[in-house]
Enquirer: 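Got a structure here, written out as structure tokens. Questions coming.
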Amino acid sequence: MFMVDIAGVSVLYTGDYSREEDRHLRAAETPHLSPHVCIVESTYGVQHHQPRNIREKRLTEANQAIHAALSRGGRVLIPAFALGCAQELLLILDEYWENHPELQNIPIYYASPLAKTCLSVYETYTLSMNDRIRNAKSNPFIFKYISPLKSIENFRDLGPSVVMASPGGYVVEGTLAKTILNEPKEVTLMNGLAAPLNMSVHYISFSGHADSVQTSAFLEELRPPNIILVHGGAHEMARLKEKLLT
């Protein structure tokens, strides 16, 4: 966050923020001084995130997404943003593999040159992260069960595997991702041809953006006289504005 003072008028710009500590980042702190103007992200409008422990269980556990698919001999594809979200998910997967020896012969790959570049930064600046990372006995970002996938030619599809690929993206109307969420029997590819959809789909958000509960609590603590909502769809911003005014 950035606090700027211009001719006696203070402006706080939150940027992307979260009030929830995750596996590697501390929660955003509330500034000690209330600004005259707060420019705050509103990505999720009035939506609420599931508790983090529930999302992690949905992602990994035996009767849930990843473990269930691998038990059937399937392949798991995880689309994720290369910075932040990818590293969070890789930490979760590496720990889960460490605790489940029956999975340790199943490879995990991340197919993203940008994520690989970002990882070198994460490996170097662990002291800038939360206590979980700073107090670890070894560097958590040097993964034991995860490796980069340099190219599709190097991918040997010989059995169950997990591949994390970027870029991830917002699942909005009109996109192939939105169509796939509804699990139709077939989808139309970019070349216009129809293809059967032989997969199960799970939507689990590990977004680093604040939800409605976090934003409302943050503004209640800060109590700025002027609020500007940014970084959100018009409809979601309007609903959040209405909630904040009531």
Side-chain angles (χ1 to χ4, degrees), residues 1-3 12-32 41 43-44 49-61 65-67 76-101 103-150 154 161-169 204-211 214-215 217-218 231:
M1 297 185 183
F2 298 91
M3 181 84 80
L12 175 68
Y13 176 70
T14 67
D16 298 347
Y17 81 105
S18 174
R19 300 291 302 282
E20 178 183 49
E21 181 167 318
D22 60 22
R23 282 176 171 261
H24 68 289
L25 293 179
R26 291 172 290 184
E29 299 175 353
T30 304
H32 299 300
E41 70 144 308
T43 308
Y44 281 93
H49 295 323
Q50 278 189 321
R52 175 163 292 275
N53 64 322
I54 293 178
R55 283 179 277 161
E56 290 194 11
K57 287 182 179 180
R58 287 181 60 205
L59 177 71
T60 56
E61 290 200 349
I66 293 178
H67 204 140
V76 177
L77 175 64
I78 306 175
F81 288 104
L83 177 60
C85 185
Q87 288 72 33
E88 180 77 0
L89 292 172
L90 292 174
L91 287 169
I92 294 170
L93 293 176
D94 205 56
E95 180 185 280
Y96 192 77
W97 256 239
E98 178 68 31
N99 295 330
H100 292 81
L103 296 177
Q104 291 172 7
N105 64 331
I106 297 175
I108 305 174
Y109 303 104
Y110 60 93
S112 169
L114 180 56
K116 183 179 180 181
T117 301
C118 293
L119 268 178
S120 64
V121 177
Y122 278 77
E123 290 172 13
T124 304
Y125 294 99
T126 54
L127 294 180
S128 299
M129 299 179 194
N130 61 19
D131 290 342
R132 181 189 185 116
I133 298 297
R134 291 202 303 268
N135 297 333
K137 294 181 179 179
S138 58
N139 194 318
F141 295 103
I142 299 176
F143 299 116
K144 186 175 180 180
Y145 302 101
I146 300 169
S147 57
L149 185 62
K150 296 180 181 179
N154 293 330
S161 64
V162 178
V163 178
M164 181 180 298
S166 65
I204 307 170
S205 175
F206 284 86
S207 173
H209 295 281
D211 66 359
Q214 295 178 41
T215 298
F218 177 70
H231 201 276

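Start at 1 with the first residue, then count along the sequence.
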Enquirer: Applying side-chain contact (heavy atoms from CB on, under 4.5 Å) to Leu59 and Phe206, what does each step give before you reach the verdict?
Expert: CA-CA 10 Å; Leu59 177 71; Phe206 284 86; 4.2 Å; yes
Enquirer: What's the verdict on side-chain contact (heavy atoms from CB on, under 4.5 Å) for Asn130 and Ile133, showing C-alpha distance, side-chain angles and the deciding distance?
Expert: CA-CA 6 Å; Asn130 61 19; Ile133 298 297; 3.4 Å; yes
Enquirer: Measure the spacing between CG of Leu25 and CD of Glu20 and express it to the nearest 0.5 Å.
Expert: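 Interatomic distance, Leu25 CG to Glu20 CD, rounded to 0.5 Å: 11.5 Å.
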Enquirer: Looking at Phe218, I want to see if its CZ is surrounded by more than 12 non-hydrogen atoms of other residues, nucleotides or ligands under 6.0 Å.
Expert: yes
Enquirer: Is any side-chain heavy atom of Thr60 less than 4.5 Å from a side-chain heavy atom of His67?
Expert: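 Not touching, per the 4.5 Å side-chain cut-off.
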Enquirer: Where do Trp97 and Ile66 come nearest, in terms of heavy atoms and distance?
Expert: CH2-CG2, 4.0 Å
Enquirer: Are Tyr109 and Pro148 side-chain neighbours, meaning at least one heavy-atom pair lies under 4.5 Å?
Expert: no
Enquirer: Please confirm whether the backbone N or O of Ser205 pairs with a side-chain atom of Arg55, one donor and one acceptor, at under 3.5 Å?
Expert: yes
Enquirer: Might you point out which heavy atoms bring Thr14 and Glu41 nearest each other, and give the distance in Å?
Expert: OG1-N, 3.3 Å
Enquirer: Please give me the minimum heavy-atom distance between Ser207 and Tyr44, naming the atom from each residue.
Expert: CB-OH, 2.9 Å
Enquirer: When you measure from the side chain of His49 to the backbone N and O of His209, does any donor-acceptor pair fall under 3.5 Å?
Expert: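 Indeed, once roles are kept as given, a pair shorter than 3.5 Å links the two residues.
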Enquirer: Give the C-alpha distance, both sets of side-chain angles, the deciding distance and a yes or no for side-chain contact (heavy atoms from CB on, under 4.5 Å) between Arg134 and Asp131.
Expert: CA-CA 5 Å; Arg134 291 202 303 268; Asp131 290 342; 2.2 Å; yes
Enquirer: With a 4.0 Å cut-off on N to O distance, would you call Glu88 and Arg52 a salt bridge?
Expert: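 Arg52 and Glu88: salt-bridged.
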Enquirer: If every non-hydrogen atom of Ala80 is compared with every non-hydrogen atom of Ser166, which pair is closest and at what distance?
Expert: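 The pair with the smallest heavy-atom distance is O-CB, 3.0 Å.
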Enquirer: Does any part of the side chain of Phe143, heavy atoms only, come nearer than 4.5 Å to the side chain of Ile108, both counted from C-beta?
Expert: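 When only atoms from C-beta onward are counted, Phe143 and Ile108 do not touch, as no gap falls below 4.5 Å.
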Enquirer: So does His231 get a backbone contact from the side chain of Thr43, meaning a donor-acceptor N/O pair under 3.5 Å?
Expert: yes
Enquirer: Would you give the length of the straight line joining atom NE2 of His24 to atom OG of Ser128, rounded to the nearest 0.5 angstrom?
Expert: 11.5 Å
Enquirer: May I ask you to test the Phe141-Asp94 pair for a side-chain heavy-atom distance under 4.5 Å?
Expert: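 No - every pair of side-chain heavy atoms lies 4.5 Å or more apart.
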Enquirer: Evaluate the criterion side-chain contact (heavy atoms from CB on, under 4.5 Å) for residue pair Leu91 and Gln87; output intermediate values, then yes/no.
Expert: CA-CA 6 Å; Leu91 287 169; Gln87 288 72 33; 5.5 Å; no
Enquirer: Please report the closest heavy-atom contact between Gln104 and Glu98, naming both atoms and the distance.
Expert: NE2-O, 3.4 Å
Enquirer: Are the side chains of Met164 and Ile146 in touch, meaning some heavy atoms are under 4.5 Å apart?
Expert: no
Enquirer: State, to 0.1 Å, how close Arg19 and Ala217 come at their nearest heavy-atom pair, and which atoms those are.
Expert: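 Where Arg19 meets Ala217 most closely, the heavy atoms are NH1-C, 4.1 Å.
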Enquirer: Are Glu95 and Arg23 within salt-bridge range, i.e. N to O under 4.0 Å?
Expert: yes
Enquirer: What distance do Ile54 atom CD1 and Arg58 atom CZ have between them, rounded to the nearest 0.5 Å?
Expert: 9.0 Å
